[in-house]
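Beneath this line is the structure, given in structure tokens, with notes to follow.
Residue numbers start from 1 in every chain, and the chains themselves are labelled A, B, ... in the order their sequence lines are given, proteins ahead of strands.
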Protein chains: 2
Amino acid sequence: MLLSKSCEYGLRAALYVSMSEKEGYVPIRVISSDLGMSAHFLTKILQQLTKAGILKSFRGPNGGIALARPASQVALIEVVEAIDGPELFRECMLGLPGCGERQPCPLHNKWMIERERLAALFATTTLDQLADSSEGVGVRLAG
Amino acid sequence: MLLSKSCEYGLRAALYVSMSEKEGYVPIRVISSDLGMSAHFLTKILQQLTKAGILKSFRGPNGGIALARPASQVALIEVVEAIDGPELFRECMLGLPGCGERQPCPLHNKWMIERERLAALFATTTLDQLADSSEGVGVRLAG
DNA sequence: AAGATTTGAGACTCTTTATTCTTAAATACG
DNA sequence: CGTATTTAAGAATAAAGAGTCTCAAATCTT
Ligand code: SF4
Ligand code: SF4
């Protein structure tokens, strides 16, 4: 699995928030309901994004979560690394320590290229790029 | 994590076998010792490769495992799919069902390209290509 | 002030993956 | 035959990930 389930949920929720037209905070309950997730579980995941400075939260009635920055300034890689950590973009394919530092295997070069492409894809894609797509059709975020 | 730990171990062991110059069967105990793995655990993993027709095994003294086919005819993707299954090369990045069939997000096209590149990398690279590398220096398979 | 709403934090349970352990089956050799 | 060697199979345990539950803290409304 490329991304953990928590990470998938976090990304989908972040996209949901960036797509919600209203200005204020969106209750987690609403998000979880719309995306078919457990509210408790999603709350836990979104706390990680809040701690990472990607989301901001507000308690009480009319509370919820919102993007801490404009969607155009949140790259997907920030969400991924906040939840799954940076390992995916740094690890050796065979799980060996000190990737490529000594005796790199021929796979190394090819893998590095793919890994960098993957990192670039996540780093250059922002939430608003996904949210603005589909020309009004709406991005599918639930099954 | 791109590949499970079992899969990493299986790949490393398969590379080890394809690099061992001797003709006969290599005892799992020797492999596990050289690669710093538990013999019991590796045995279990290699059984999956044997069942998949990638390795052949032989019991008793002078027994062990060997490639069922020449290393030049074993693509890495076979090992990966025998252990981790084909999900990695088929799944949606956000874990949504029916990837791309309806309302594909803009990430979809980019992700499909990367996924296909990844699949191609595993599909076109064979064990002997890795084993023959490093011009005698030897491929590093242990930490 | 009182009660309702909503996130924060953490304990807890369940499931999957990782790892170890035990026993059986096949093979070689004296 | 009897014993040592080695894989096969599967139970048992440990660790990590996924998901649930409880309670506290902040905030709003009345
Ligand atoms: S060279 Fe290949 S096997 Fe060695 S650390 Fe890099 S990716 Fe891993
Ligand atoms: S379009 Fe994007 S989000 Fe939708 S299924 Fe394909 S990869 Fe997943």
Side-chain angles (χ1 to χ4, degrees), chain A residues 1-14 17 20 22 24-68 80 82-85 87-88 95, chain B residues 1-14 17 20 22 24-33 35-68 80 82-85 87-88 91 95:
Chain A
M1 192 167 9
L2 190 73
L3 304 176
S4 73
K5 212 152 190 180
S6 294
C7 194
E8 290 174 356
Y9 282 13
L11 273 172
R12 285 167 61 192
V17 173
S20 101
K22 297 176 188 168
Y25 292 89
V26 185
I28 297 178
R29 179 178 41 75
V30 173
I31 306 173
S32 68
S33 168
D34 280 5
L35 300 187
M37 307 165 180
S38 148
H40 276 123
F41 190 30
L42 185 57
T43 298
K44 200 174 172 182
I45 296 167
L46 294 183
Q47 282 171 9
Q48 301 178 71
L49 298 183
T50 303
K51 283 179 185 166
I54 297 170
L55 299 177
K56 59 185 175 183
S57 66
F58 199 78
R59 297 197 229 196
N62 305 321
I65 61 163
L67 289 177
V80 172
I83 297 175
D84 276 356
E87 291 79 23
L88 175 60
Chain B
M1 190 163 15
L2 188 74
L3 304 177
S4 73
K5 213 154 188 183
S6 295
C7 194
E8 291 174 355
Y9 282 12
L11 274 173
R12 284 166 62 193
V17 173
S20 99
K22 298 176 189 169
Y25 292 90
V26 184
I28 297 177
R29 178 179 39 78
V30 172
I31 306 173
S32 69
S33 167
L35 299 187
M37 306 163 179
S38 148
H40 276 124
F41 189 29
L42 185 57
T43 297
K44 200 171 172 183
I45 296 167
L46 294 184
Q47 282 172 10
Q48 299 178 72
L49 299 184
T50 303
K51 282 179 188 165
I54 297 170
L55 299 178
K56 60 184 176 183
S57 65
F58 199 78
R59 297 198 228 196
N62 304 320
I65 60 162
L67 289 178
V80 171
I83 297 175
D84 277 355
E87 291 80 23
L88 174 61
E91 69 193 354

- Could you tell me the separation between the CD atom of B:Q47 and the CG atom of B:L55, rounded to the nearest 0.5 Å? 11.0 Å

- Please state how far atom CG in B:D84 lies from atom C1' in C:dA18, giving the value in whole angstrom units. 13 Å

- Note on the structure: Rounded to whole Å, CD of B:Q48 lies from P of C:dT19 at a distance of 13 Å

- Message: With a 4.0 Å cutoff (strictly under), does any side-chain N or O of A:R29 reach OP1 or OP2 of C:dT6?
- Response: yes

- Message: Between B:L11 and B:I83, is there a side-chain heavy-atom distance shorter than 4.5 Å?
- Response: no

- Message: Show, in sequence, the C-alpha distance, side-chain angles and deciding distance for B:Y9 and B:S4, and conclude whether the side-chain contact (heavy atoms from CB on, under 4.5 Å) test is met.
- Response: CA-CA 9 Å; B:Y9 282 12; B:S4 73; over 6 Å; no

- Do any side-chain nitrogens or oxygens of A:R59 fall under 4.0 Å of OP1 or OP2 in C:dT5? no

- Query: Hey, does the side chain of B:S38 come within less than 4.0 Å of C:dT20's phosphate (OP1/OP2), counting only N and O?
  - Reply: yes

- Message: What contact category does A:F58 fall into here, base, sugar-phosphate, or nothing, at under 4.0 angstrom with non-hydrogen atoms?
- Response: sugar-phosphate

- Task: Calculate the interatomic distance between A:K44 atom NZ and C:dG10 atom C1'; express it in whole Å.
- Result: 8 Å

- Task: For B:I45 and D:dA9, give me the distance from atom CD1 to atom P, rounded to whole Å.
- Result: 16 Å

- Between B:R12 (side chain) and B:L35 (backbone), is there a donor-acceptor pair under 3.5 Å? yes

- Note on the structure: Per nearest nucleotide of DNA chain D, the residue lying toward the 5' end, B:T43 or A:L3, is B:T43

- Query: OP1 or OP2 of C:dT19 less than 4.0 angstrom from a side-chain nitrogen or oxygen of B:K5, does that happen here?
  - Reply: yes

- Task: Would you kindly give the CZ-to-P distance between B:F41 and D:dA14, to the nearest whole Å?
- Result: 16 Å

- Query: Base, sugar-phosphate alone, or nothing: which one does A:K51 contact when heavy atoms must sit under 4.0 Å apart?
  - Reply: sugar-phosphate

- Query: In terms of side-chain heavy atoms of B:I28, which of C:dG8, D:dT7, D:dC28 is nearest?
  - Reply: D:dT7

- Quickly work out the B:H40 NE2 to D:dT13 P distance and round it to whole Å. 16 Å

- Is any side-chain N or O of B:S57 closer than 4.0 Å to OP1 or OP2 of D:dT7? no

- Task: Please test A:Q48 against A:K51 for side-chain contact (heavy atoms from CB on, under 4.5 Å), starting from the C-alpha separation and ending with a verdict.
- Result: CA-CA 5 Å; A:Q48 301 178 71; A:K51 283 179 185 166; 5.7 Å; no

- Distance in angstrom units between A:Q47 CD and C:dA11 C1', rounded: 14 Å

- Task: Starting from C1' on D:dC21, measure out to CG on A:L42 and report it in whole angstrom.
- Result: 16 Å

